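Here is the structure we will look at.
Whatever order the structure lists them in is the order used to number ligands and atoms, beginning at 1. Keep in mind that what you see is a predicted model, and the values were worked out from it rather than measured. Along the sequence shown, residues carry numbers from 1.
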Amino acid sequence: MAFPGRYPTVRPRRNRSNAAVRALVAENALTPADLIWPLFVSDGINKREPVPSMPGVDRMSVDLIVDAVKRAEDAGIPAIALFPYTDPILRDDAGSEAFNPDNLVCRATRAVREACPNIMIVCDVALDPYTSHGHDGLIVGGEIVNDETVESLIKQALVQAEAGCDTLAPSDMMDGRIGAIRAALDVVGRCDVRILAYAAKYASCFYGPFRDAVGSSTALIGDKRTYQMNPANSDEALREVALDIAEGADMLMVKPGMPYLDILQRVKSEFHLPTFAYQVSGEYSMLRTAFDLGYMDRDRGILETLMCFKRAGADAVLTYFALDAALMMNSS
Ligand code: PBG
């Protein structure tokens with residue numbers, strides 16, 4: 001007699017035998033509401049320039065950004081993230097363009113806020129698109145100095161909030177920045193602005209194409225290993241997250257995405273806060289190149305990678321595939 005609880009009595013394939021039952025037993029789902037679309041803003045009007053290391057991704061002038069955001073909103077995407085390509089002339093050692101209330105990100109934020117009052121606008125709080133040396137921090141005597149950098153981040157955060165950004169995303173891994181930004185927002189009566197902390201962000205080669213897109217790669221001297229995390233570490237990520245929560249983070253990010261699914265899962269299961277994954281530029285370029293060469297199926301590749309984030313515990317995913325993915329979901 002067959003032993004109950006084992007093959008051949010038990011046959012897991014019965015629950016996979018057709019589309020109906022597969023839909024019924026699916027444990028996770030992906031919808032456009034799970035996506036955040038990162039966009040690169042550049043100067044000019046009606047201008048679009050391809051990012052060579054990110055095939056299919058363009059830097060866009062503010063007017064085209066607004067059109068793109070409207071399309072995203074129509075497709076059901078609830079949030080976008082803005083990153084500037086700053087004219088090299090405007091970059092300096094202090095990254096002072098970051099707190100110019102009329103800088104590119106602030107202009108884009110105002111335009112998007114006016115056209116799409118309800119979309120969530122995420123602005124990066126970090127100095128690297130603005131510094132002549134490409135680092136996220138101020139450099140004094142060859143060192144990236146923490147507390148002085150945090151003072152600059154506060155100024156940057158305040159101009160972005162003033163421009164209409166509802167979600168500030170400090171991404172530079174300086175210590176104490178979440179608490180300092182929260183306190184500064186509260187002092188000026190902006191307790192409505194939320195903070196999405198890049199809480200566990202690793203020193204990763206997967207950011208290479210992004211640095212091309214914002215124009216910081218040619219400038220960057222050295223690497224970011226004195227502030228971003230060592231890819232060898234996992235417990236340290238939980239400590240970073242715990243600190244950011246204690247300092248007032250409303251939402252958390254783990255970055256990069258696919259190579260760090262274990263971190264995502266630990267963070268979500270330990271802290272139960274809204275937790276996002278960032279499928280970063282290098283992941284995008286790697287996948288996109290394989291799709292373009294015909295090595296993998298594009299549509300299934302996009303959806304499978306995004307589903308992996310959901311399965312690992314992400315509430316949402318930042319991905320350069322967001323619009324493509326949302327359109328695909330809507331047409332299926
Ligand atoms: C800047 C920042 C980076 C990314 C987001 N914000 C690059 C870096 O830390 O060097 C990477 C995003 C991507 O690769 O898609 N602080």
Original post:
Is there side-chain contact between Val241 and Leu238, with heavy atoms separated by less than 4.5 Å?
Top reply: no
Original post:
Any donor-acceptor pair under 3.5 Å linking the side chain of Glu283 with the backbone of Gly257?
Top reply: yes
Original post:
atom 4 (C) of ligand 1: which protein heavy atom is closest, and how many Å away?
Top reply: Lys255 NZ, 2.6 Å
Original post:
Do any heavy atoms of Glu283 fall under 4.0 Å from ligand 1?
Top reply: no
Subject >> Closest protein heavy atom to atom 8 (C) of ligand 1, given as residue, atom name and distance to 0.1 Å >> reply: Lys224 NZ, 3.4 Å
Subject >> Asp172 to ligand 1, any heavy atom closer than 4.0 Å >> reply: no
Original post:
Any donor-acceptor pair under 3.5 Å linking the side chain of Asn146 with the backbone of Met174?
Top reply: no
**OP:** Please confirm whether the backbone N or O of Leu252 pairs with a side-chain atom of Thr275, one donor and one acceptor, at under 3.5 Å?
**Re:** no
Subject >> atom 14 (O) of ligand 1: the protein heavy-atom neighbour that sits closest, reported with distance to 0.1 Å >> reply: Ser281 OG, 2.7 Å
Original post:
For atom 1 (C) of ligand 1, what's the nearest protein heavy atom and its distance?
Top reply: Asp128 OD2, 2.9 Å
**OP:** Distance to 0.1 Å, residue and atom name: give those for the protein heavy atom nearest to atom 12 (C) of ligand 1.
**Re:** Phe210 CD1, 3.3 Å
**OP:** May I ask you to check whether over 12 heavy atoms, not counting those of Leu293, lie within 6.0 Å of atom CG?
**Re:** yes
**OP:** With Lys201 as the cation and Tyr207 as the aromatic partner, state whether NZ or CZ is under 6.0 Å from the six-membered ring centre and within 45° of the axis.
**Re:** yes
Subject >> Per-atom contacts of ligand 1 with Ala126, taking only distances under 4.0 Å to non-hydrogen atoms >> reply: 16 (N)
Subject >> Lys201 touching ligand 1 at heavy-atom level, < 4.0 angstrom >> reply: yes
Original post:
Going by the atom numbers of ligand 1, which of them fall below 4.0 Å from some non-hydrogen atom of Asp136?
Top reply: 1 (C), 16 (N)
**OP:** Can you sort out which atoms of ligand 1 are near Arg211, meaning under 4.0 Å from one of its heavy atoms?
**Re:** 8 (C), 10 (O)
Original post:
Quick one: nearest non-hydrogen protein atom to atom 6 (N) of ligand 1, plus distance?
Top reply: Asp124 OD2, 3.1 Å
**OP:** State, with a plain yes or no, whether a side-chain heavy atom of Ser285 is found less than 4.5 Å away from one of Tyr320.
**Re:** no
**OP:** Among all protein heavy atoms, pick out the one at the shortest distance from atom 15 (O) of ligand 1; state its residue, atom name and that distance to 0.1 Å.
**Re:** Tyr320 OH, 2.6 Å
Original post:
Given Lys310, which of Asp34, Asn28, Thr31 fulfils the side-chain hydrogen bond (donor to acceptor under 3.5 Å, both in side chains) condition?
Top reply: Asp34
Original post:
Quick one: does Tyr278 get within less than 4.0 Å of ligand 1, heavy atoms only?
Top reply: yes
Original post:
Has Arg91 got its NZ or CZ under 6.0 Å from the middle of the six-membered ring of Tyr85, at an angle within 45 degrees of the ring axis?
Top reply: yes
